[in-house]
*Asks:* 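Let me begin by handing over the structure; questions about it come next.
Every chain is numbered from 1, with letters handed out A, B, ... down the list of sequences.
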Amino acid sequence: MFDSASLPESQRRIALVDVNSFFASCERVFDPSLEGKPVVVLSNNDGCVVALSKEAKALGVKMGIPWFKISAWAPSVGLVAKSSNYELYGDLSSRVMSILHEFSAHVEVYSVDEAFLEVKGTPEELVALGYDIKAAIQNKLGLPVCVGIGRSKTQAKLANSGAKKSAGLNGVCNLDTFSPEHIDRIMEALPVDNIWGIARRLSKRLNSMGIHTIKDLRDADPVRIKKKFGVVVQRSLYELRGIDCIKLEGERLVKNQVMYSRSFATPVTTRKQMEEVLAVYAQRVSKRLRKQGSVAGALTCFAGTSRFANEPFHSPYRNAVFSVPTNDPVEILKAASSVLLECVEDGRKYVRAGIMLHDVSPKTSHQYLDLFTPVHESRQLGEVLDTVMEKHGAFSIGLGAAGFKSPRHWEMKREMLSLRATTRWDELATVHAK
DNA sequence: TCTGGGGTCCTAGGACCC
DNA sequence: TCTGGGGTCCTAGGACCC
């Protein structure tokens, strides 16, 4: 463990550790033949590109492009596509995070592939620490990371993108090692939307006020910025100056909102089919809720036709409130279908649907009387479904319309799936001796 | 033919209260 | 006929993130 306790508070810094092209790098861990090749990972249904290796970026492939638009061209440039394998990524992610805990007592897991760490030390010590972290994750997992270090999360983000872009830094960038003049030059060269928290809309409005670069925002008047853009942009401004306003948080294990939503492999066109969909989705969303030990007080249920079709875009959604907070799949299904099915129209081509649960709270906080406990919940139906599916597969049991043995036509398509090598015994990687 | 999924935080405005 | 002002809570929607 890096001992930071004896160092003064003024040497406290924030490091952002981020796995390079995370999904693509995970694919490479168990398929070394992908090393050095352009690789993309596709969203569910093999729809769009959601992750790209550096070689794929160099070919000009863009994040979010639909796979069907480049699949014919891909072989001619050696571009390899993989379906997303979230089981594998999730497992490697938790291994990365546990390694990071060896380097700091305070780690905030920010997303599947990045974390903020509290670190202390002189600028040189912190650069050395960055290389240690990088080497540990490379050696233990075979995943490449970059480390950015600054006085605030926003500075750490900026440093991290520097570490990624500038080959001379070898993947570690500590802003404290640059002179103020050098930092000015860096900030002057970067458009304001390179900042964490400033995207297209805000940067357009900032531009119209004459704020074009990161330096422009850093040096702007905070009061004026707050008045025009609110506290969020003002915080970014202070963070750029090195005042940390966005505190390091603990890991958020319990979500305030839980959603299950999927696009269909082929459109759903009738209420009857939509009812099947909701039955499956209710089961899955309630499983997520039970997994974090919560109950929900309300839900939103939605469906949508394609934005890209000739027919007018139609996306009905409805809310429902439970009389008693619940995680019971039967209650969730009843509520979802009663509100959504009345606004779903036979004959339309729905391409997606979802169920979102709100007012999520810990189950233990509701010590309500037996009288008010939904009858299915009192029989632990949700847990029974979880157990049977765990043992006999996702289609072995289901609620009402979802209780079919075979997959439905609208179920997800993943044609280029890699092995779930770290979580399934029957999908272990095979090593071939030469 | 084929265009992702799962979150967070903030704000403005309405409802309601005294 | 006249019709305040301040506070809180809730919700929908916007913007952002990965």
*Asks:* Strictly by side-chain hydrogen bond (donor to acceptor under 3.5 Å, both in side chains), give each pair with a member in residues 291-306 of chain A just once, sequence neighbours left out.
*Replies:* A/Q292-A/S294, A/T300-A/N319, A/T300-A/H358
*Asks:* Can you give the donor-acceptor pairs under 3.5 Å from side chains of residues 24-32 of chain A to other protein atoms, not counting sequence neighbours?
*Replies:*
{"residue": "A/S25", "atom": "OG", "partner": "A/N20", "partner atom": "O", "Å": "2.6"}
{"residue": "A/S25", "atom": "OG", "partner": "A/S21", "partner atom": "O", "Å": "3.1"}
{"residue": "A/E27", "atom": "OE1", "partner": "A/S418", "partner atom": "OG", "Å": "2.7"}
{"residue": "A/E27", "atom": "OE2", "partner": "A/Y89", "partner atom": "OH", "Å": "2.6"}
{"residue": "A/E27", "atom": "OE2", "partner": "A/S418", "partner atom": "OG", "Å": "3.1"}
{"residue": "A/R28", "atom": "NE", "partner": "A/L34", "partner atom": "O", "Å": "3.1"}
{"residue": "A/R28", "atom": "NH2", "partner": "A/K37", "partner atom": "O", "Å": "2.6"}
{"residue": "A/R28", "atom": "NH2", "partner": "A/E55", "partner atom": "OE1", "Å": "2.9"}
{"residue": "A/D31", "atom": "OD1", "partner": "A/S33", "partner atom": "N", "Å": "3.2"}
{"residue": "A/D31", "atom": "OD1", "partner": "A/S33", "partner atom": "OG", "Å": "2.6"}

*Asks:* Under 4.0 Å between a side-chain nitrogen and a carboxylate oxygen: does that hold for A/K153 and A/E108?
*Replies:* yes
*Asks:* Within the structure shown, what part of the strands sits under 4.0 Å from A/W67 by heavy-atom distance: base, sugar-phosphate, or nothing?
*Replies:* nothing
*Asks:* Sequence neighbours left out, what pairs pass ring pair (Phe, Tyr, Trp, His ring centres under 6.0 Å) with at least one residue falling in residues 228-263 of chain A?
*Replies:* A/Y260-A/Y281
*Asks:* By side-chain hydrogen bond (donor to acceptor under 3.5 Å, both in side chains), which residues pair with A/R151, not counting sequence neighbours?
*Replies:* A/D176
*Asks:* Under 4.0 Å, heavy atoms only, any strand: does A/K153 hit a base, just the sugar-phosphate, or nothing?
*Replies:* nothing
*Asks:* For the helix from B/dG5-C/dC18 to B/dC18-C/dG5, what angle separates the axis at the start from the axis at the finish, each from five pairs, in steps of 10°?
*Replies:* 10°
*Asks:* With a 4.0 Å cut-off, would you call A/D18 and A/K164 a salt bridge?
*Replies:* yes
*Asks:* Base, sugar-phosphate, or nothing for A/Y110, non-hydrogen atoms under 4.0 angstrom?
*Replies:* sugar-phosphate
*Asks:* A/H212: what forms a ring-ring contact (aromatic ring centres under 6.0 Å, His included) with it, not counting sequence neighbours?
*Replies:* none
*Asks:* Quick one: label A/I198 by what it contacts on the DNA or RNA (base, sugar-phosphate, nothing), any heavy atom closer than 4.0 Å.
*Replies:* sugar-phosphate
*Asks:* Among the nucleotides C/dC18, C/dC17, B/dT3, which one has an atom lying closest to any side-chain atom of A/S111?
*Replies:* C/dC18
*Asks:* Output a table of donor-acceptor pairs, distance under 3.5 Å, between side-chain atoms of residues 189-198 of chain A and any protein atom two or more places apart or on a different chain; print 'none' if there are none.
*Replies:*
{"residue": "A/W196", "atom": "NE1", "partner": "A/Y110", "partner atom": "OH", "Å": "3.3"}

*Asks:* If the sugar-phosphate is the primed atoms plus P, OP1 and OP2 and the base is the rest, what is the B/S/- string for nucleotides 4-16 of chain B, using protein heavy atoms under 4.0 Å?
*Replies:* BSBSBSSS-----
*Asks:* Could you work out, with side chain to side chain contact (heavy atoms under 4.5 Å, CB included) as the rule, every residue matching A/S83, not counting sequence neighbours?
*Replies:* A/D46, A/R414, A/M416, A/L417
*Asks:* Counting the atoms with a prime plus P, OP1 and OP2 as sugar-phosphate, which does A/N319 contact under 4.0 Å by heavy atoms, base, sugar-phosphate, or nothing?
*Replies:* sugar-phosphate
*Asks:* Which pairs, with at least one residue in residues 66-77 of chain A and sequence neighbours excluded, count as a side-chain hydrogen bond (donor to acceptor under 3.5 Å, both in side chains)?
*Replies:* none
*Asks:* Round to a whole Å and report the spacing from CD1 of A/I70 to P of B/dT1.
*Replies:* 18 Å
*Asks:* Name every residue in residues 339-351 of chain A that has at least one heavy atom under 4.0 Å from any atom of DNA chain B, in order of residue number, or write none if there are no such residues.
*Replies:* none
*Asks:* With C1' as the reference atom in both, quote the distance from B/dC17 to C/dG4 in angstrom, rounded to an integer.
*Replies:* 14 Å
*Asks:* Identify all side-chain donor-acceptor contacts of residues 138-147 of chain A below 3.5 Å with residues at least two apart in sequence or on another chain.
*Replies:*
{"residue": "A/N139", "atom": "ND2", "partner": "A/A135", "partner atom": "O", "Å": "3.2"}
{"residue": "A/K140", "atom": "NZ", "partner": "A/E102", "partner atom": "OE1", "Å": "3.2"}

*Asks:* When you check the gap from the basic side-chain N to the acidic O, do A/E411 and A/R284 get nearer than 4.0 Å?
*Replies:* yes
*Asks:* Classify the nucleic acid contact of A/I195 as base, sugar-phosphate or nothing, counting any heavy atom under 4.0 Å across all strands shown.
*Replies:* sugar-phosphate
*Asks:* Please report the distance, rounded to the nearest Å, between CG in A/L16 and P in C/dC17.
*Replies:* 14 Å
*Asks:* Counting the atoms with a prime plus P, OP1 and OP2 as sugar-phosphate, which does A/L202 contact under 4.0 Å by heavy atoms, base, sugar-phosphate, or nothing?
*Replies:* sugar-phosphate
*Asks:* Mind calculating the distance between CZ (A/F313) and C1' (B/dT3) to the nearest angstrom?
*Replies:* 12 Å
